2 protein chains.
Amino acid sequence: MAVTMNDVARAAGVSLKTVSNVLNDYEFIRPATKQKVLDAIAELGYEANLTARSLRSGKSRMLGLVLSDLSVPYYAELASRLMTVASARGYRVLVEQSAAEEANELSALQGTFRQLTDGLLFTPLTLGAEAIAHHRGSKPMVMLGEHIDDPRFDLVTMKNVGAARALTAHLLAGDRRRIAVIGASEEDSTGSPGLRLTGYREALAAAGMDFDPSLIVPAEWRRDGGASAVGELLDSGADFDAVFGLNDALALGAMHELQIRGVNVPADVAVAGFDDIDEARFASPSLTTVAPGMDEIAERSIALLIDRVEGTETAEQGVHVEVEFELRIRASAP
Amino acid sequence: MAVTMNDVARAAGVSLKTVSNVLNDYEFIRPATKQKVLDAIAELGYEANLTARSLRSGKSRMLGLVLSDLSVPYYAELASRLMTVASARGYRVLVEQSAAEEANELSALQGTFRQLTDGLLFTPLTLGAEAIAHHRGSKPMVMLGEHIDDPRFDLVTMKNVGAARALTAHLLAGDRRRIAVIGASEEDSTGSPGLRLTGYREALAAAGMDFDPSLIVPAEWRRDGGASAVGELLDSGADFDAVFGLNDALALGAMHELQIRGVNVPADVAVAGFDDIDEARFASPSLTTVAPGMDEIAERSIALLIDRVEGTETAEQGVHVEVEFELRIRASAP
DNA sequence: TCCGCTTTCTGCAACGATGTACTCAGACGA
DNA sequence: TCGTCTGAGTACATCGTTGCAGAAAGCGGA
């Protein structure tokens with residue numbers, strides 16, 4: 001059996017409650033008593049039982065993170081940073097994969113997963129604002145990445161529109177005139193696809209260029225999605241001199257397919273992505289993309305969530321944080 | 001406040017313990033009573049408090065996973081699969097990053113992390129068998145990936161030696177005569193680097209070729225490690241016609257650097273990796289590598305660990321599982 | 001001297017579940 | 001008819017903490 005507070009109390013010759021007081025930094029304890037307790041703890045190698053503490057106090061010092069799939073590089077890198085930042089503040093992160101399915105997102109929002117954690121970092125993909133508001137429960141929650149722009153929720157996000165606009169402007173400045181977009185459909189206006197597409201349209205408009213719906217190709221946001229989307233474009237004989245993949249996976253898949261088909265990147269077609277995952281830097285050619293400020297997203301969202309959990313952040317309305325981006329101009333679209 | 005078993009008991013007009021009995025599928029309950037309880041549960045929307053259950057029963061239905069860094073694609077993909085498989089058996093996975101530092105591995109092995117979980121999936125990178133045996137505690141533990149070949153531990157691993165041998169043999173069959181190895185040093189004989197290097201040496205020996213230590217370049221197992229290692233090789237004027245990166249990240253980094261320096265892959269230098277991460281398929285050129293059977297690793301290790309936790313697996317000695325691999329011949333080393 | 005306040009420490013209940021031991025009918029066999 | 005056994009359900013203690021209330025001792029002020 002493990003050492004309990006009772007054993008420590010006996011060894012130190014004090015009451016159980018005094019041990020608890022020492023551990024919780026209660027103010028009025030004589031230094032000598034405190035030392036006795038600390039010595040006993042060290043000698044017995046006592047470690048607090050987190051389950052019992054959690055049951056009694058109602059806090060687990062665990063944060064939940066809901067995302068679609070940990071094997072997506074962007075999410076993996078984000079999760080890694082979130083865990084590191086949380087750990088520095090004494091919290092752990094419990095990850096739940098939703099596979100982008102509504103039922104899973106719902107159960108992560110309500111069920112036992114919620115119970116185990118003090119607060120939630122949520123990347124909704126299928127659930128809308130109303131559904132979330134209705135099922136969210138009472139514990140703190142910070143929305144991530146997706147722009148569910150609703151004053152009821154805390155939100156930490158990247159500048160989707162601005163970044164996409166800047167990246168498109170860069171392509172235009174490089175004399176690309178027919179920029180295909182992969183990963184959205186024409187009518188998208190919300191969510192990451194919609195916002196990034198909006199940035200693209202704004203850049204076109206600013207340059208006085210027409211928007212051509214035939215250059216917008218929907219695709220699953222994965223490498224294979226990017227590959228097949230660009231395949232369709234090529235097969236259809238579309239005329240384009242650049243591809244903007246709405247995330248890096250799409251762009252990398254597209255670039256792969258282009259090269260297989262003998263299209264030179266960037267001479268014939270420039271390629272740009274979004275996210276600046278580590279892989280982008282080492283692709284061949286290296287991928288021009290946008291770094292959405294992942295470190296800052298991780299820090300701000302963890303800080304906000306923990307402040308909510310601990311009652312430090314008291315804003316009534318949802319707090320909205322937008323993080324600065326940086327263009328990463330590389331060989332695929334110089 | 002959340003609904004408790006007491007509320008359910010009151011609503012159903014039975015004792016608290018009867019509710020518990022229904023939930024735990026106790027045998028002797030009249031169907032009518034059971035139905036009353038189930039109705040009350042449904043009506044009140046009761047959900048068991050996992051923390052309380054865990055305190056009382058000593059089981060949390062959580063498994064720990066210790067790895068160096070979730071942002072490493074191989075680990076991210078593995079973690080994702082492990083979570084999916086565990087979830088199908090009603091378990092969650094709590095991930096801890098060790099950053100490949102000894103202190104972190106130790107604390108994951110002993111500390112509060114261990115307390116929170118019923119069993120551990122452990123990828124040791126710095127700790128040796130003795131240290132692990134000494135600090136392991138009493139809960140079940142399954143070693144992953146690394147070949148700490150010790151009968152005291154359960155282990156699920158890939159065929160490192162065989163796979164590396166087969167891959168090297170493939171390169172030799174393609175008439176590559178000077179195969180550089182990135183990610184190991186000459187004296188390595190254990191761990192992933194050592195085992196894969198052993199496979200390489202065996203393949204050379206089988207082909208009657210000499211082993212040239214100057215072709216073995218140590219490197220951090222990351223993309224940038226692969227890039228700088230191959231940079232060193234080129235700078236030193238070494239003579240080589242193939243690169244075997246001991247994992248895909250190394251190989252992809254190396255391939256990137258080769259192409260930047262104007263070396264044609266595969267015409268001038270063939271490149272091969274190890275792991276078959278998703279990215280390998282979409283690299284340019286696509287990467288020849290070994291698929292180490294990740295799905296099977298995930299299934300077998302979770303099954304073994306849960307069987308230990310639930311007492312189904314009773315082998316006294318450590319159970320050792322070796323999973324089959326498959327070569328993936330692609331464009332970088334046809 | 002007595003009161004009230006602060007400092008230091010203690011005991012008990014409680015968090016919400018499960019395990020053990022028990023009660024109480026009713027059935028069954030001798 | 002009696003004792004025993006089995007089914008069905010209950011009461012209470014328990015897991016290891018923390019919150020709340022209170023007790024004892026010391027101190028200053030009137």
Side-chain angles (χ1 to χ4, degrees), chain A residues 1-38 40-41 44-62 90 111-112 114-118 138-139 310-311, chain B residues 1-38 40-41 44-62 111-112 114-116 118 138-139 310-311:
Chain A
M1 283 308 292
V3 182
T4 75
M5 258 174 58
N6 230 319
D7 303 326
V8 175
R10 210 180 347 262
V14 298
S15 80
L16 189 161
K17 186 66 232 249
T18 297
V19 179
S20 168
N21 284 337
V22 169
L23 288 172
N24 293 288
D25 282 321
Y26 178 64
E27 194 178 354
F28 301 116
I29 301 181
R30 241 179 308 173
T33 312
K34 184 166 182 172
Q35 196 53 53
K36 267 195 303 184
V37 171
L38 292 177
I41 287 176
L44 299 178
Y46 168 76
E47 257 184 347
N49 181 319
L50 297 189
T51 307
R53 176 175 287 174
S54 169
L55 172 61
R56 182 65 242 233
S57 70
K59 303 277 176 192
S60 62
R61 295 189 82 83
M62 288 219 298
T112 52
R114 206 67 207 285
Q115 213 187 76
L116 289 169
T117 53
D118 294 342
S138 56
K139 288 186 182 171
E310 299 183 346
Chain B
M1 282 306 295
V3 182
T4 74
M5 258 174 60
N6 231 318
D7 303 326
V8 175
R10 209 178 350 259
V14 298
S15 78
L16 190 160
K17 186 68 229 251
T18 299
V19 178
S20 169
N21 284 338
V22 168
L23 288 172
N24 293 288
D25 283 322
Y26 178 66
E27 193 178 357
F28 301 117
I29 302 182
R30 242 177 307 175
T33 311
K34 183 166 183 173
Q35 196 53 52
K36 269 196 301 184
V37 171
L38 292 177
I41 287 177
L44 299 178
Y46 167 77
E47 255 184 348
N49 181 318
L50 298 189
T51 307
R53 176 175 288 174
S54 169
L55 173 61
R56 184 63 244 234
S57 69
K59 301 277 176 192
S60 62
R61 295 191 81 84
M62 287 220 298
T112 52
R114 205 68 205 285
Q115 213 187 75
L116 288 170
D118 294 342
S138 56
K139 288 185 183 172
E310 299 183 346

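Every heavy atom of this structure was used, including side-chain atoms; hydrogens, water molecules and symmetry mates were not. Predicted model, so just to flag it, every value in this text is computed and none were measured. Each chain gets a letter, A, B and so on, in the order its sequence line appears, and its residues count up from 1.
When the P atom of dT18(D) is taken as reference, atom CZ of R61(A) falls 12 Å away, rounded to whole Å. With rounding to whole Å, L116(A) atom CG is found 14 Å from dG16(C) atom C1'. Between K59(A) atom NZ and dG19(D) atom C1' there is a gap of 15 Å when expressed in whole angstrom units. When the C1' atom of dT18(D) is taken as reference, atom CG of N6(A) falls 14 Å away, rounded to whole Å. Rounded to whole Å, the distance from CG on D25(B) to P on dA17(C) is 16 Å. At whole-Å resolution of the value, CG in L50(B) and P in dC15(C) are 18 Å apart. Rounded to whole Å, atom P of dG16(D) lies 17 Å from atom CG of N24(A). Summarising the geometry, the separation between CG on L23(A) and P on dG19(D) is reported as 12 Å, rounded to the nearest angstrom.
Within the helix from dT1(C)-dA30(D) to dA30(C)-dT1(D), the inter-axis angle between the opening and closing five-pair segments is 60°, rounded to 10°.
Nearest heavy atom pair, residue Q115(B) against residue K139(B), reads O-NZ, 3.3 Å. Between T33(B) and T18(B) the shortest heavy-atom distance is CG2-CG2, 4.0 Å. Closest non-hydrogen pair, Y46(B) versus L23(B), comes out as CE2-CD1, 3.7 Å. Closest heavy-atom contact between T51(B) and S54(A): CG2-OG, 3.5 Å. In terms of heavy atoms, D7(A) sits closest to A2(A) at OD2-O, 4.1 Å. The two residues M5(A) and S20(A) make their nearest non-hydrogen contact at CE-CB, 3.2 Å.
Looking at D25(B) and K34(B), their side chains come closer than 4.5 Å, going by heavy atoms from C-beta outward. Residues N49(A) and T4(A) fail the side-chain proximity criterion, which asks for heavy atoms closer than 4.5 Å.
Residue N49(B) has no polar side-chain atom (N or O) positioned under 4.0 Å from OP1 or OP2 of dC15(C).
From N24(B), atom CG reaches atom CZ of R53(B) across 6.0 Å, with rounding to the nearest 0.5 Å.
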Per-nucleotide protein contact string for nucleotides 4-14 of chain C, where B marks a base within reach and S marks sugar-phosphate only (heavy atoms under 4.0 Å, - for neither): ---SBBBB-BB
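Of the listed nucleotides (dT18(C), dA17(C), dT17(D)), dA17(C) has the atom at the smallest distance from the side chain of T4(B).
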